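Worksheet: one structure, shown below.
All figures in this text were calculated on a predicted structure; none of them were measured in a lab. Within every chain, numbering begins at 1; the chains are lettered A, B, ... in the order of the sequence lines, protein sequences first and strands thereafter.
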Amino acid sequence: MDMKTVESKWQQRWEKTKENCFNKKNADKKFYVLEMFSYPSGAKLHIGHWYNYGPTDSYARFKKMQGYEVFQPMGFDAFGLPAENYAIKTKIHPKDSTEKNIATMEQQLKAMGAMFDWSAEVKTCEEDYYKWTQWMFLKLFENGLAYRKEAPVNWCPSCNTVLANEQVVDGCCERCGTPVIKKDLTQWFFKITQYAEELLQGLDKIDWPEKTKLMQRNWIGKSTGCEIEFECESGDKFKVFTTRCDTVFGVSYVVLAPEHPLVKKLASEEQREAVEKYVAETAKTNEIERLSSAREKTGVFIGHYAINPVNGEKVPIYAADYVLYSYGTGAVMGVPAHDERDFMFAKKYGLPVKKVIENKNGETVLPFCEDGICVNSLQFDGRFGEDARTEITNYLTKLGKGQRKVNYRLRDWLVSRQRYWGAPIPVIHCPHCGIVPVPYKDLPVRLPYNVEFEPDGKSPLAKCDEFMHTKCPHCGGDALRDPDTLDTFVCSSWYYLRYPDAHNTKMPFDPEIVNKMLPVDKYVGGAEHACMHLLYARFFTKALRDMGYLNFDEPFQSLVHQGVILGPDGNRMSKSKGNIVSPDEYVSTYGADVFRMYLMFGFSYTEGGPWSDDGIKSVAKFLDRVERFVLKVKDYKSAKDSVAAGANEKDLNYARNYAIRQITRDLESFSFNTAVARLMEYVNALYKYDGFAEKDNAFLKECTRDLLLLLAPFAPHFTEELWEQWGGKYSVFDHKYPVCDESALEREESEYAVQVNSKIKTKIMLAKGLSNDEIQAIVLADESIRPLIEGKVIRKFIVVPGRLVNIIL
RNA sequence: GCGGCUGUGGCGAAAUUGGCAGACGCGCCGGACUUAGAAUCCGGUGGGCAACCUUGCAGGUUCAAGUCCUGUCAGCCGCACCA
């Protein structure tokens with residue numbers, strides 16, 4: 001079959017007949033299959049795109065054939081740094097390069113033959129999309145979920161922009177690898193922390209990979225403990241957070257983060273110079289160094305003391321950078337006997353180590369950090385672990401010096417970026433009225449084309465006068481626009497809501513439509529988004545729900561991550577390693593169907609693995625084999641030479657229904673490699689039957705027709721063509737996927753493995769429905785078994801129905 | 001350091017969830033058809049002459065372990081001074 005011709009023939013036909021368009025009339029049978037949309041960075045699809053989209057499309061086609069009205073849209077996550085960095089290098093405007101890349105990628109995606117509904121396409125860099133991204137921002141602002149604050153933020157000195165916590169990897173910028181530094185800047189944040197608890201709880205209700213859920217749980221980082229108030233000699237008070245309030249009697253010092261305001265306020269005359277020096281040095285150290293747990297602890301005594309509320313002890317106050325200002329209260333109590341960090345710190349600065357917990361099961365070696373029995377803790381002596389914590393918390397609460405407290409590691413999401421290629425933040429800064437949101441009717445705030453975007457640490461838009469100068473919507477006076485753009489993750493936090501109503505000009509989406517179409521039934525994409533996109537999208541969904549726009553809690557009911565296809569050398573494909581494999585030549589040699597089917601057959605979908613094209617020919621061979629067979633059987637004359645259904649027909653029918661059952665199961669679980677294997681087995685069975693002298697041609701044709709239906713999702717162009725030649729009605733995808741006839745799988749006999757003392761000795765065919773005693777009688781009488789057991793006592797006779805028997809002597 | 005995942009023939013990989021390890025393929029070997037090759041079709045293929053051995057390694061539970069438990073090694077991923 002000439003795949004080139006066949007592919008374009010059917011792609012055109014599908015487009016002309018709107019075969020892949022979602023039909024809103026059937027919305028009650030909707031099935032929303034979504035692949036993470038592409039970033040148009042390069043002009044070409046790489047193997048990763050194929051691996052994500054090809055097999056998932058087969059799944060979508062399978063669902064369609066099962067009778068669902070499948071909605072499978074595609075679009076482009078088109079704003080972002082790579083286009084801008086590319087522009088800086090080549091002077092090609094990001095808008096131009098992005099649009100060009102999108103045009104090419106659209107062609108390639110269409111050539112792939114996936115059933116994307118292009119009528120719902122979304123491009124985040126277009127006005128009619130980012131207008132609504134800005135709308136989202138305003139809604140969040142209106143609902144108190146977007147706010148501006150000055151804070152130490154992550155700054156990438158190479159990209160010249162701030163980064164979200166999630167975009168800092170090992171203290172470095174996730175894009176360019178440059179070490180991130182801390183800067184105090186006033187930035188926009190989204191209050192994702194308000195949803196920390198629900199984001200955590202919601203994970204229990206969704207069908208996602210456990211690994212991903214665990215990553216989100218860890219990222220949210222809930223910890224339950226106690227806040228304890230310490231009063232200083234000066235009368236100033238501060239709180240510490242601890243999960244181990246059962247150790248509070250062992251406090252020998254307290255530590256404030258260097259950024260803590262009390263550090264400067266309380267520093268004594270003698271210590272002032274040392275403290276200021278230390279604080280300044282901390283500010284200079286970069287994140288990687290500071291956050292390394294291996295690093296030796298440093299700190300400085302600030303020359304002031306605080307009172308331990310449970311025993312009135314006076315303890316010195318230190319400033320030390322192992323305490324993070326951004327977590328908890330930015331202050332901790334130091335209990336050297338029961339915390340490794342505090343222990344190291346105390347040893348270094350000669351602070352007392354006071355044991356207040358003893359090991360229940362043996363010698364107490366300090367630092368002892370597990371739960372134990374309280375000692376030297378007055379009325380709490382003898383209490384253990386959680387009980388001790390509860391009692392001490394209650395005691396502190398009664399004193400008015402503490403309370404139970406839950407903390408999360410999750411931080412608010414920093415969304416402003418000092419870059420050009422993104423959605424402008426729809427806010428106006430008025431010298432009289434302050435921060436004024438752009439009125440909804442004035443959206444979009446257009447991103448101007450002619451901008452000097454060479455990065456110099458200031459927002460490129462700040463240098464564009466025509467953009468910056470505007471009137472205050474409130475007082476009408478001169479005012480300035482916000483020069484920052486939104487993190488591109490904001491754009492991708494709601495795109496799945498836009499698809500079902502992609503052309504709405506009055507709203508981002510019609511809630512009535514979206515509430516019918518969502519949640520996404522199957523979302524497929526890379527695991528690298530676990531704590532970014534997948535978390536942000538959940539936050540957006542919950543926020544929009546609380547504003548009354550949505551009536552569901554989670555955007556993606558079921559999630560699958562495809563594995564990563566590595567270079568042939570086992571490393572991640574990268575230009576620098578020179579191990580990039582392009583799909584193009586394979587596609588032009590073998591065709592799209594063979595290539596995607598090989599991706600399904602040669603790898604375990606969720607595992608991925610190093611690229612190898614060893615088996616690609618085998619898939620081509622398989623399809624040839626199918627083609628030859630189908631065309632041969634097509635011309636068989638039916639009725640006349642029909643014979644009564646005998647054993648061979650029964651076997652073939654078994655093979656057929658076994659294939660149907662297994663392939664259906666395998667597709668449901670994204671186990672594409674075994675599904676293809678079952679198809680191959682079925683074709684082998686068909687060939688075998690065809691080789692018999694006597695055969696029932698009508699039955700064989702029926703079985704062959706089922707083969708085409710089974711194969712269709714895997715090799716869509718190929719099967720559509722054969723289906724037509726077979727005489728099937730267009731389109732093969734409008735026919736029902738075969739359903740397993742369970743009765744065909746019931747057999748009168750099954751083969752049992754016979755073990756003696758757990759070692760397999762022989763195999764026996766046994767009829768169905770025999771009692772254990774009957775089985776025992778037959779097995780013991782078997783010629784190959786009898787000599788092995790003669791004269792011996794059978795201690796046990798185990799029967800696993802339909803599978804094996806084990807004779808224990 | 002903490003958490004998670006993975007480890008199976010020469011290769012890609014399966015294994016009904018504790019029940020015949022290696023499905024389906026690649027590769028290789030043999031045969032058929034061919035003047036010959038390609039293509040195709042049929043058969044064989046974990047190791048060992050054998051008894052037997054075999055799922056990274058060492059133990060354990062069980063009639064039975066790739067699967068469960070304990071320890072250990074290697075690789076990958078995530079978090080990393082979160083109090």
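Checked by distance alone, A:K617 brings no side-chain donor or acceptor within 3.5 Å of a matching partner on the base of B:C26. With hydrogens and angles left out, the side chain of A:Q755 and the base of B:C63 share no donor-acceptor pair within 3.5 Å. A donor and an acceptor atom never sit less than 3.5 Å apart when one is taken from the side chain of A:K211 and the other from the base of B:C5. The base of B:A23 lies close enough to the side chain of A:R678 for a donor and an acceptor atom to sit less than 3.5 Å apart.
For A:N673, taking side-chain heavy atoms from C-beta onward, the closest of the listed nucleotides B:G19, B:A14, B:A83 is B:A14. Side-chain proximity of A:K297 to the nucleotides B:A64, B:C81, B:A83 is greatest for B:C81. With B:A64, B:A83, B:G12 as the choices, the nucleotide that has an atom nearest any side-chain atom of A:N806 turns out to be B:A64. Comparing B:C52, B:C20, B:G19 by their closest approach to the side chain of A:E751 singles out B:C20. Side chain of A:S223, nearest nucleotide from B:G25, B:A83, B:C63: B:A83. Out of B:C81, B:G19, B:C26, the shortest distance to the side chain of A:D614 is found at B:C26. Here the side chain of A:S618 is nearest to one of B:A83, B:C26, B:A80, namely B:C26. When each of B:C24, B:A83, B:A80 is scored by its nearest atom to the side-chain atoms of A:T243, the top-ranked nucleotide is B:A83.
B:G25: Watson-Crick or G-U partner is B:C11, with both key distances under 3.5 Å. Using the Watson-Crick or G-U wobble rule with both distances under 3.5 Å, B:C57 pairs with B:G71. Figure legend. B:A32 is base-paired to B:U40; pairs are counted as Watson-Crick or G-U wobble with both atom distances under 3.5 Å. Of the nucleotides present, B:C77 is the one that pairs with B:G3 by Watson-Crick or G-U wobble criteria, both distances under 3.5 Å. Searching all strands for a Watson-Crick or G-U wobble partner of B:G19 with both distances below 3.5 Å returns B:C63. Across all strands shown, B:C49 remains unpaired; no Watson-Crick or G-U wobble contact has both distances below 3.5 Å.
For A:S252 (side chain) and A:P352 (main-chain N/O), a donor-acceptor pair under 3.5 Å exists by modelled atom type. Proximity of a side-chain donor or acceptor of A:N806 to a complementary backbone N or O of A:S758 within less than 3.5 Å is detected. Of the possible donor and acceptor atoms, none in the side chain of A:Y590 sits under 3.5 Å from a partner among the backbone N and O of A:A620. At distances below 3.5 Å, at least one donor-acceptor pair connects side-chain atoms of A:H338 with backbone N or O atoms of A:F368. Looking only at distances, a side-chain donor or acceptor of A:S574 sits under 3.5 Å from a matching main-chain atom of A:K577. At distances below 3.5 Å, at least one donor-acceptor pair connects side-chain atoms of A:R411 with backbone N or O atoms of A:R409.
A:D635 pairs by the side-chain hydrogen bond (donor to acceptor under 3.5 Å, both in side chains) definition with nothing, not counting sequence neighbours.
Heavy atoms of other residues, nucleotides or ligands lying less than 6.0 angstrom from CD of A:E783 number 12 at most.
In this structure, A:G221 and A:V676 both approach RNA chain B, and ranking their closest nucleotides by distance from the 5' end singles out A:V676. With the nearest nucleotide of RNA chain B identified for both A:R244 and A:S758, A:S758 has the one nearer the 5' end.
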Close N/O contacts between protein and nucleotides 41-45 of chain B (under 3.5 Å):
unit_1 : atom_1 : unit_2 : atom_2 : d
B:C41  : OP1    : A:R625 : NH1    : 2.6
B:C41  : OP1    : A:R628 : NH2    : 3.2

